[in-house]
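A note on names: the letters A, B, ... follow the listed sequences, proteins ahead of strands, and every chain is numbered from 1. This is a predicted model, so every value here is computed, not measured. Values below: every heavy atom of this structure, side chains too, minus hydrogens, waters and symmetry copies.
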2 protein chains.
Amino acid sequence: MVGRPWLHGRLRNAGFRLTLPRQAILNVFARNPKHLSAEEIFLSVHRNYPGIGLATVYRTLDLLTQMGLVFKFDFGDGRSRYELASEVIKEHHHHMVCTRCGQIIDYSDFMKKEIKFIKELEVELSKKHKFKINSHQIHFYGSCNRCQ
Amino acid sequence: MVGRPWLHGRLRNAGFRLTLPRQAILNVFARNPKHLSAEEIFLSVHRNYPGIGLATVYRTLDLLTQMGLVFKFDFGDGRSRYELASEVIKEHHHHMVCTRCGQIIDYSDFMKKEIKFIKELEVELSKKHKFKINSHQIHFYGSCNRCQ
DNA sequence: CAATTGGTTGATAATGATTTTCATTTTTAT
DNA sequence: ATAAAAATGAAAATCATTATCAACCAATTG
Ligand SMILES: [Mn+2]
Ligand SMILES: [Mn+2]
Ligand SMILES: [Zn+2]
Ligand SMILES: [Zn+2]
C-alpha cells in the first residue's frame, strides 16, 4: 500500500527522504480514504505520534502534492482538502459538492465515457492553446439527497 | 450592460437594494472581464469611490454569488476570484490553469460538444445519486505556452 | 410630514488557515 | 569522523475573510 520501496525511491529521485512523519501522514490517508483537511490529518497523526507538528503536516502535504502523490482540492469550506492520487490507491474519479451541507460525493460511475471525452478534449485544447495539460478536476455543485 | 432595470428588479425581488457600492462593484466587472480577487475589486472601486470599504466589497461579492450573478472560483493562489456569471455578460466557458505562473485561460472552443456531454452526464448522475445539479466547473491544470 | 422599520455601510477588531522563522536534530556524502 | 544538506517542532507572523457595531439611508406607515 503506502510506505513501500517504490515510494521511497520516488522521493529519493527527487532529492527527498521518506521520513517517519511523512510515512505517518501517508498512513493516515491509507486508513482514511476521505477528503481530509490539514488539521484532520494532524489530529489523526497526533494520536500515534504526538511529537509531529502541524507545520510538518503542511510541509508534507505540500511536498506530496508537488510530487503528484496527493491531490489538493478546494470544495469551498474555507480549508484545503487532500486525497491520495489515483496513481497511489484510489481509482480516478470526479466530485459532486452539496452547497447546502458541504457533503462531497466521489463518483466514478461513467468514468470510461468521461475519460475518453476528456482525453480527446485535452488533445484539442493542448494543440489550440499550446498548453501542456497534466491533470483536471470536474466538480458538480448542487444539493444532495438529503438537502433538496 | 450592468446597472439596468432588470438587475434592480432582480435584487428587489430578493429583498435587496441596488445601492451605489453594489453598482460600482458590478461596473468593475463590466470594465474588466477577468478573474478578479476581492482586493483587486476593492482597489479598482476605490479609485472612483474612496469611501467604499473592503468589507462592503466582500459582502457584495457574497450577495452577488448567492444570487447567481457572479461566480466564485478558487484557482489555487490563496484567494477567491470572481467573474460575472455567463447569464450576465460572458458566454459559458471553462478554465485552464497554469500551475507555474498562475495564468488562467478561459476557453470556450469546444463548448457545444462539452455542454452536450455535461448535460447527459448530469442527467445520469442526478438520477443515480438523487443529486440536484445546479452548476459545474471544469479545470485543466498544466503549463501554459510560456512556461513549458 | 414625522416616526418607525429594516436593509446597508465603513471602520475596526477578530478569526482562522497557512506560512515563515529559526534553532536544533537527523541523514547523507566525503 | 566531519561537513553539508534536509527535515523538524515550536512559535511567531501573515493574510484573506468574517464578525461587530454604531451610524446611515430608503421605504413604509399613520
Ligand atoms: Mn475524491
Ligand atoms: Mn473565466
Ligand atoms: Zn447536502
Ligand atoms: Zn504559465
Tell me if the aromatic rings of B/H136 and B/H92 count as close, with their centers under 6.0 Å from one another.
yes

Would you say the ring centroid of B/Y107 lies under 6.0 angstrom from that of B/H93?
no

Which residue lies more 5' along DNA chain C, comparing B/T60 with A/E39 via nearest heavy atoms
B/T60

When B/G15 and B/V57 are each assigned the nearest nucleotide of DNA chain C, the 5'-most assignment goes to B/G15

Have a look at A/R17 and say if it touches a base, only the backbone sugar-phosphate, or nothing, with a 4.0 Å heavy-atom cut-off.
base

Assign B/S80 to base, sugar-phosphate, or nothing according to its heavy-atom contacts below 4.0 angstrom with the strands shown.
sugar-phosphate

Report the nucleotide, chosen from [options], that has the shortest atom-to-atom distance to any side-chain atom of [X].
X: A/R79; options: C/dA17, C/dA11, D/dT17; answer: C/dA17
X: A/R22; options: D/dT8, D/dG9, C/dA11; answer: D/dT8
X: B/R12; options: C/dT28, D/dA27, C/dT8; answer: D/dA27
X: B/T19; options: C/dT9, D/dG9, C/dT19; answer: C/dT9

What integer distance in Å separates [X]:[atom1] from [N]:[atom2]?
X: A/F16; N: D/dA6; atom1: CZ; atom2: C1'; answer: 9 Å
X: A/R59; N: C/dT26; atom1: CZ; atom2: C1'; answer: 14 Å
X: B/H8; N: D/dA27; atom1: NE2; atom2: C1'; answer: 11 Å

Ignoring hydrogens, what is the shortest heavy-atom contact between B/I25 and B/V57? Give both atom names and the distance.
CD1-CA, 3.8 Å

Under a 3.5 Å cutoff, is there a donor and acceptor pairing between the side chains of A/Q137 and B/H95?
no

